[in-house]
Amino acid sequence: MAVLSVRLSDAEYKALEGYASINGVSMNKAIKDAFFEMLEDQYDLEAFDKAYKAYKKNPKTYTSEEVAKELGIE
């Protein structure tokens with residue numbers, strides 16, 4: 001398992017400590033969760049951008065009824 005050291009100002013440390021305490025997690029878990037949430041947000045944004053570009057090339061949309069009929073789940 002790798003270990004990472006992060007330097008924080010006193011104010012940043014207190015903010016992190018308070019956040020972790022309020023949420024009932026360790027400071028390490030708070031940092032780890034925030035990092036992976038940021039990665040997920042970035043992935044979601046990239047997926048959106050890709051889907052939007054595809055939509056702009058072919059802006060055809062379908063109603064939920066049309067989708068259900070096409071999939072045979074009416």
J.: List for me each residue that meets side chain to side chain contact (heavy atoms under 4.5 Å, CB included) alongside Ile22, sequence neighbours excluded, and say none if there are none.
T.: none
J.: Could you name each residue pair satisfying ring-ring contact (aromatic ring centres under 6.0 Å, His included) that touches residues 31-74, not counting sequence neighbours?
T.: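 Qualifying pairs: Phe48-Tyr52.
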J.: Give, for atom NZ of Lys14 and atom OG of Ser9, the distance between the pair rounded to the nearest 0.5 Å.
T.: 10.0 Å
J.: Would you please name every residue forming a salt bridge (charged side-chain N to carboxylate O under 4.0 Å, His left out) with Lys29, sequence neighbours left out?
T.: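 Expected list: Asp33.
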J.: If you group Ile, Leu, Val, Met, Phe, Trp and Tyr whenever their side-chain heavy atoms sit less than 4.5 Å apart, what else falls in with Val25?
T.: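 Cluster partners of Val25: none, it stands alone.
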J.: So, for Glu12 and Arg7, which heavy atoms are closest and what is the spacing to 0.1 Å?
T.: OE1-O, 4.4 Å
J.: Taking only residues at least two apart or on different chains, which pairs with a member in residues 40-49 satisfy salt bridge (charged side-chain N to carboxylate O under 4.0 Å, His left out)?
T.: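 Listed once each, the pairs would be none.
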J.: What's the separation between atom CD in Glu37 and atom CD in Gln42, rounded to the nearest 0.5 Å?
T.: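 Output value for this atom pair is 13.0 Å.
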J.: Taking transitive links into account, so neighbours of neighbours count too, which hydrophobic residues share a cluster with Ile31 at under 4.5 Å side-chain distance?
T.: Leu4, Val6, Leu8, Tyr13, Leu16, Met27
